[in-house]
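Only one structure is covered here, and it is reproduced in the block below.
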Amino acid sequence: VPLVESGGGLVQPGGSLRLSCEASKLNLEHYVIGWFRQAPGKERERVACISGIDNKTLYEESVKGRCAITRDNAKRTVYLEMNNLNAEDTAIYYCAADLIYNPYIDIAAIRPSEYDYWGQGTQVTVSS
């Protein structure tokens, strides 16, 4: 399994979590790694992504200012730090990897269907 997420759990509103995406067989410098989430009854949505080439990051408006995506190439792990969590953040969080063919790619334009690998997801529940 190329991608394994961890770090989810139950957290109170206003709390923080750090999710990890371990890509044990991938060279992160060759991939765009995205974090997505899916809440019950809702469509899957992108949360953030990071390019392996230039470390460029992208955040969706719903999490901008509250989240940080980082990567550690040596550990082959991408992190999603989430702060000031609220009930709307409750979802299963997935990481995904898209092999970079075009070094000038606009990471915002990558559709979920274009990602090559997906993890199994980790549940995040925000509740008091």
Side-chain angles (χ1 to χ4, degrees):
V1 179
L3 302 175
V4 178
E5 303 95 335
S6 62
L10 175 64
V11 62
Q12 291 188 340
S16 299
L17 278 177
R18 188 177 78 160
L19 305 182
S20 299
C21 173
E22 185 178 350
S24 60
K25 299 181 179 180
L26 304 180
N27 182 339
L28 293 183
E29 294 179 350
H30 297 165
Y31 289 86
V32 171
I33 303 296
W35 279 99
F36 296 78
R37 67 185 181 185
Q38 187 165 21
K42 293 189 177 181
E43 296 287 318
R44 179 178 53 190
E45 64 172 352
R46 183 178 57 197
V47 176
C49 57
I50 185 167
S51 170
I53 289 182
D54 56 13
N55 231 27
K56 188 174 295 184
T57 58
L58 170 74
Y59 299 95
E60 300 302 324
E61 285 299 321
S62 58
V63 301
K64 196 172 288 185
R66 301 189 296 121
C67 286
I69 185 170
T70 57
R71 61 188 176 99
D72 185 328
N73 290 342
K75 294 183 178 179
R76 298 180 187 262
T77 301
V78 175
Y79 303 98
L80 182 69
E81 182 87 29
M82 301 190 295
N83 301 303
N84 195 22
L85 288 162
N86 58 64
E88 287 68 41
D89 296 313
T90 295
I92 299 175
Y93 284 71
Y94 302 89
C95 65
D98 180 41
L99 182 63
I100 300 171
Y101 294 97
N102 175 6
Y104 305 106
I105 190 171
D106 177 5
I107 61 175
I110 304 173
R111 297 186 298 270
S113 60
E114 295 179 282
Y115 281 80
D116 301 293
Y117 302 105
W118 288 82
Q120 81 290 348
T122 185
Q123 176 71 49
V124 172
T125 302
V126 184
S127 175
S128 55

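Treat the numbers as computed from the prediction; the structure is a model and nothing was measured. Numbers for residues simply follow the sequence, beginning at 1.
S62 OG to E45 CD: the interatomic distance, rounded to the nearest 0.5 Å, is 5.0 Å. Atom-to-atom distance recorded for S113:OG and R111:CZ is 5.0 Å, nearest 0.5 angstrom. Interatomic distance, E114 CD to I105 CD1, rounded to the nearest 0.5 Å: 7.0 Å. Note that the CZ atom of R46 and the CG atom of L58 stand 4.5 Å from one another [nearest 0.5 Å]. Taking OH from Y79 and CD1 from I50, the interatomic distance works out to 12.0 Å, rounded to the nearest 0.5 Å. Within the model, atoms CG of N73 and NE2 of H30 stand 9.5 Å from one another, a figure rounded to the nearest 0.5 Å.
The minimum heavy-atom distance linking I107 with S51 is given by the pair CG2-CB, 4.0 Å. Between Y59 and A68, the closest heavy-atom pair is OH-CA, 3.3 Å. Scanning both residues, A96 and L3, for their nearest heavy atoms gives CA-CD1, 3.6 Å. Residues Y94 and E5 approach most closely at CA-OE2, 3.2 Å, considering heavy atoms. The two residues N55 and R71 have their closest heavy-atom pair at OD1-NE, 2.7 Å. Residues S128 and P13 approach most closely at N-CD, 3.7 Å, considering heavy atoms.
In this structure, A87 has no side-chain contact (heavy atoms from CB on, under 4.5 Å) partners at least two apart in sequence or on a different chain. The side-chain contact (heavy atoms from CB on, under 4.5 Å) search around R76 returns none, not counting sequence neighbours. Every residue was checked against the disulfide (SG to SG under 2.5 Å) condition with C49, not counting sequence neighbours, and none meets it. Not counting sequence neighbours, Y117 has no partner by the ring-ring contact (aromatic ring centres under 6.0 Å, His included) test. Take S127 and apply the side-chain contact (heavy atoms from CB on, under 4.5 Å) test, not counting sequence neighbours, and it matches L10, T125.
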Check the pair V63 / M82 against side-chain contact (heavy atoms from CB on, under 4.5 Å), numbers first and verdict last. CA-CA 8 Å; V63 301; M82 301 190 295; over 6 Å; no
Working note: Y104 + I53, criterion side-chain contact (heavy atoms from CB on, under 4.5 Å); need CA distance, chi angles, decisive distance, verdict. CA-CA 9 Å; Y104 305 106; I53 289 182; over 6 Å; no
For Y115 and I110, what are the C-alpha separation, side-chain angles and deciding distance, and is it a side-chain contact (heavy atoms from CB on, under 4.5 Å)? CA-CA 8 Å; Y115 281 80; I110 304 173; 3.5 Å; yes
As a quick check of understanding, evaluate side-chain contact (heavy atoms from CB on, under 4.5 Å) for E81 and I69, giving each step before the final call. CA-CA 6 Å; E81 182 87 29; I69 185 170; over 6 Å; no
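Cation-pi geometry between R44 and W118 is satisfied (NZ or CZ under 6.0 Å from the ring centre, within 45° of the ring normal).
Looking at heavy atoms from C-beta onward, Q123 lies in side-chain contact with T90 at the 4.5 angstrom threshold. Side chains of W35 and L19 form a contact here, defined as non-hydrogen atoms less than 4.5 Å apart.
Counting only residues at least two apart or in different chains, salt bridge (Lys or Arg N to Asp or Glu O under 4.0 Å) contacts with residues 85-97 comprise R37-D89, R66-D89.
The closest side-chain donor-acceptor pair between D72 and T77, if any, does not fall under 3.5 angstrom.
Shown here is K42, whose NZ atom has no more than 12 heavy atoms of other residues, nucleotides or ligands within 6.0 Å.
T122 contributes no side-chain N or O that, together with a main-chain N or O of S6, makes up a donor-acceptor pair within less than 3.5 Å. The backbone N or O of L80 lies less than 3.5 Å from no partner atom in the side chain of R18, so there is not a single donor-acceptor pair.
Follow the hydrophobic side-chain contacts under 4.5 Å out from Y101 and you reach I33 in the same cluster.
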